[in-house]
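As the structure is a computational prediction, the values presented were derived from the model and not from experiment.
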Amino acid sequence: PLQPAPTGPESPKVWDARRVKEWMATACDGAFASLVPALPSALDGKALMRMTAKQMSTLWGASEAQATGVYNALRSELKRATDSQQQRRRDIRANERRKIS
């Protein structure tokens, strides 16, 4: 049977609520772990990605620095996942070109 290709980091946009909480507890060496109890139980990655730092601060009672930190770390995670996906696509295209040649 075919083995699934390695996927690399998963985009925060597809995280479920459990994965959001895991990430919040461990991101930036646990800097945001204190916010986990304030997260809505159904907050998934799609909803989290729509939030501004100000909304995070207001809804979770986070300091402005914490909320900005979460926002920036989340954007970095998204960029890492997007970059990885784009690299995999480039690799696949390069491999397909080699097969044709």
Trace of the side-chain hydrogen bond (donor to acceptor under 3.5 Å, both in side chains) decision for Asp91 with Gln87 | CA-CA 6 Å; Asp91 292 346; Gln87 183 60 51; 2.8 Å; yes
Are side-chain heavy atoms of Trp15 and Leu74 found at a separation under 4.5 Å?
-> yes
Is the closest side-chain heavy-atom distance between Leu48 and Lys13 below 4.5 Å?
-> no
Going only through I, L, V, M, F, W and Y residues with side-chain contacts under 4.5 Å, is there a path from Val70 to Leu59?
->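 Same cluster.
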Okay, side chain of [X], backbone of [Y]: is any donor-acceptor separation there less than 3.5 Å?
{"X": "Thr82", "Y": "Leu78", "result": "yes"}
{"X": "Thr58", "Y": "Lys54", "result": "yes"}
{"X": "Gln55", "Y": "Thr52", "result": "yes"}
{"X": "Arg75", "Y": "Met49", "result": "yes"}

Please step through side-chain contact (heavy atoms from CB on, under 4.5 Å) for the pair Leu43 and Met51, ending with a clear verdict.
-> CA-CA 11 Å; Leu43 181 70; Met51 295 179 76; 4.2 Å; yes
Evaluation steps, side-chain contact (heavy atoms from CB on, under 4.5 Å), between Glu22 and Thr26 = CA-CA 6 Å; Glu22 285 175 3; Thr26 59; 5.5 Å; no
Test side-chain contact (heavy atoms from CB on, under 4.5 Å) applied to Met24 and Trp60, step by step | CA-CA 12 Å; Met24 288 285 289; Trp60 306 338; 3.9 Å; yes
Do Ser84 and Arg88 get their side chains close enough for a donor-acceptor pair, meaning under 3.5 Å?
-> yes
Check whether more than 12 heavy atoms from other residues, nucleotides or ligands sit under 6.0 Å from atom CG of Asn95, and answer yes or no.
-> yes
Which atom names give the shortest non-hydrogen contact between [X] and [Y], and what distance separates them?
{"X": "Ala67", "Y": "Met56", "answer": "O-SD, 3.9 Å"}
{"X": "Ala33", "Y": "Ala25", "answer": "CB-O, 3.7 Å"}
{"X": "Ala42", "Y": "Ala17", "answer": "C-CB, 4.1 Å"}
{"X": "Ser34", "Y": "Gln66", "answer": "OG-NE2, 3.2 Å"}

Taking atom OG of Ser57 and atom OH of Tyr71, what is their separation to the nearest 0.5 Å?
-> 14.0 Å
side-chain hydrogen bond (donor to acceptor under 3.5 Å, both in side chains) between Ser11 and Glu77, intermediate numbers included = CA-CA 7 Å; Ser11 171; Glu77 196 71 27; over 6 Å; no
Are Arg93 and Glu96 ion-paired here, with the side-chain N under 4.0 Å from a carboxylate O?
-> no
List the steps, then state whether side-chain contact (heavy atoms from CB on, under 4.5 Å) holds for Val20 with Asp16.
-> CA-CA 6 Å; Val20 167; Asp16 61 13; over 6 Å; no
